[in-house]
Protein chains: 2
Amino acid sequence: MIRVLLADDQALVRGALAALLDLERDIEVVAQVGRGDEVVATVRHTSPDVCLLDIEMPGLDGIAVAAALREAGLPTRSLMVTTFGRPGYLRRAMDAGASGFVVKDTPADELAEAVRRVHAGLRVVDPTLATESLIGGPNPLTDRERDVLREALDGATVQRIAGRLYLSPGTVRNYLSSAIGKTGADTRVEAARAAEENGWL
Amino acid sequence: MIRVLLADDQALVRGALAALLDLERDIEVVAQVGRGDEVVATVRHTSPDVCLLDIEMPGLDGIAVAAALREAGLPTRSLMVTTFGRPGYLRRAMDAGASGFVVKDTPADELAEAVRRVHAGLRVVDPTLATESLIGGPNPLTDRERDVLREALDGATVQRIAGRLYLSPGTVRNYLSSAIGKTGADTRVEAARAAEENGWL
DNA sequence: TGGTGCCGGTGACAGGTGTCACCGGTGCGT
DNA sequence: ACGCACCGGTGACACCTGTCACCGGCACCA
């Protein structure tokens with residue numbers, strides 16, 4: 001029996017995935033959590049073989065959870081199951097020690113197989129995404145550029161960004177300008193969106 | 001047996017929901033589609049009692065699908081199952097003739113019950129959302145204001161918006177200014193985000 | 001030891017943005 | 001016939017943005 005932990009913030013999806021996996025004779029869902037920051041403790045209690053981790057979660061995102069699991073030296077493997085197939089996500093997930101990366105667009109009957117492969121110690125990666133990730137190259141943004149872009153995502157003014165980051169408005173504009181150049185965008189919001197699309201934030 | 005059609009663009013979620021509902025003795029998933037514009041034709045072929053419709057779908061969004069089903073006079077009920085609990089979504093879904101509205105945050109074991117209630121001719125509405133929808137009041141934006149806000153969502157410049165909408169830049173700025181005032185925002189992107197949050201777009 | 005890259009900042013400049021006042025036209029209710 | 005709201009537009013104004021040049025400082029590496 002492969003023991004599985006499910007982490008997804010949408011209860012309905014979580015329950016549905018549990019129903020799907022419980023249909024398999026060799027898979028058993030031993031725990032479900034709705035927040036990233038509850039995963040490590042739950043893993044200690046239930047010692048699952050594989051953790052299915054959504055990336056978008058409150059508390060702690062799935063990539064950080066994968067890193068925390070490896071950090072803690074727990075003998076469980078991470079399989080990312082996420083809505084957004086962003087190249088940067090894949091790269092960061094792999095860097096964080098995840099064993100697999102599956103998009104929620106994949107056919108339902110492939111999930112169980114992915115779980116088995118991960119459990120067997122293999123790596124499972126969405127092939128489309130893998131090539132995109134290679135073509136896209138690494139994240140070209142500096143830390144500060146990412147900071148200002150994150151704040152710019154919802155359309156904040158330079159003043160507000162400067163205030164939140166404790167920076168001079170001029171400095172913020174410089175980082176924004178640089179980020180706009182690197183992303184090939186025309187405005188800071190476009191740059192922020194582009195960066196988000198690529199999983200650079 | 002309650003015959004159910006599933007419409008969701010994420011194959012994994014679709015399959016998982018099917019697994020979940022098929023566990024119920026009185027429910028049968030008779031069709032699954034991944035695009036909104038395939039629903040009506042599939043309903044004609046499979047004549048389900050209840051359609052589970054995601055709102056965010058390619059081709060045709062779930063609300064438009066519900067409207068199309070009613071328009072076509074088909075004897076099937078619509079139950080919206082969506083990620084985002086935006087007050088405006090609920091209102092528009094009900095106006096479009098949906099019989100129920102469930103958020104993907106609800107516990108998995110309540111879904112089957114919601115399907116049964118809808119099948120029995122009852123209305124199923126997330127109570128939290130219902131009050132929010134009443135408090136929030138109706139959509140204050142005019143059609144044109146919504147148009148410019150939609151274009152402004154990704155950070156486009158006034159020129160680009162004007163070009164896409166075949167309007168004068170000055171007119172676009174007037175609509176944007178008006179929308180910014182109505183939403184209480186400081187920039188057009190903030191206004192667009194706020195409007196999106198409320199389901200006004 | 002100098003080169004390179006990132007951080008933080010300043011100043012200046014062209015052009016974009018948000019606001020306001022105001023115009024004519026249309027449709028709708030009273 | 002009138003008010004009213006929405007559409008589409010113009011012109012003007014203050015202010016914000018995006019770009020560029022340039023500064024000092026720090027860390028790292030050859």
Side-chain angles (χ1 to χ4, degrees), chain A residues 88 91-92 95 136-201, chain B residues 88 91-92 95 136-201:
Chain A
R91 179 178 297 261
R92 277 158 55 199
D95 289 348
N139 190 335
L141 302 172
T142 69
D143 288 352
R144 271 325 209 183
E145 285 162 359
R146 288 171 44 192
D147 290 340
V148 295
L149 282 188
R150 255 193 301 270
E151 301 292 332
L153 253 185
D154 56 355
T157 63
V158 169
Q159 259 79 358
R160 194 126 36 114
I161 298 174
R164 285 208 275 247
L165 263 44
Y166 304 101
L167 287 177
S168 147
T171 303
V172 170
R173 281 189 299 162
N174 283 339
Y175 285 132
L176 284 174
S177 181
S178 160
I180 288 170
K182 286 180 180 175
T183 53
D186 285 333
T187 67
R188 80 203 107 118
V189 180
E190 278 186 355
R193 307 288 271 214
E196 197 190 27
E197 289 287 307
N198 285 300
W200 288 341
L201 297 188
Chain B
R91 179 177 296 262
R92 278 158 55 200
D95 289 348
N139 189 335
L141 302 173
T142 69
D143 287 353
R144 270 325 208 182
E145 284 162 359
R146 288 171 45 191
D147 290 340
V148 295
L149 282 189
R150 254 193 301 271
E151 300 293 332
L153 253 184
D154 56 355
T157 63
V158 169
Q159 259 80 358
R160 196 127 34 113
I161 299 175
R164 284 207 276 246
L165 262 43
Y166 304 104
L167 288 177
S168 150
T171 303
V172 170
R173 280 190 296 157
N174 282 339
Y175 285 132
L176 284 174
S177 181
S178 160
I180 288 171
K182 286 181 181 176
T183 52
D186 284 333
T187 69
R188 81 205 107 118
V189 179
E190 278 187 355
R193 306 289 272 214
E196 198 191 26
E197 290 286 307
N198 284 301
W200 289 341
L201 297 189

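Given the structure is predicted, the values throughout are model-derived calculations rather than measurements. Letters A, B, ... mirror the listed sequences (proteins, then strands); counts begin at 1.
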- Nearest-angstrom distance from the residue atom CD of B:Glu190 to P of D:dC16: 14 Å
Donor-acceptor contacts, no H, no angles, side chain residues 194-201 of chain A, under 3.5 Å, sequence neighbours left out:
{"from": "A:Asn198", "atom 1": "ND2", "to": "A:Ala194", "atom 2": "O", "distance (Å)": "3.0"}

- Under the salt bridge (Lys or Arg N to Asp or Glu O under 4.0 Å) rule, what pairs show up with a residue in residues 160-186 of chain A, not counting sequence neighbours? A:Glu145-A:Lys182, A:Glu151-A:Arg164, A:Arg160-B:Asp186, A:Arg160-B:Glu190, A:Asp186-B:Arg160
- dist A:Leu165:CG -> A:Thr171:OG1 (nearest 0.5 Å) comes out at 10.5 Å
- With sugar-phosphate taken as primed atoms, P, OP1 and OP2 and all else as base, the protein-contact string of nucleotides 6-19 of chain C at under 4.0 Å (heavy atoms; B, S, -) is SBBBB-B----BBB
- Query: Between A:Asp147 and A:Arg150, is the closest basic N to carboxylate O distance under 4.0 Å?
  - Reply: yes
- Note on the structure: So CZ of B:Arg144 and OG1 of B:Thr142: to nearest 0.5 Å the spacing works out to 9.0 Å
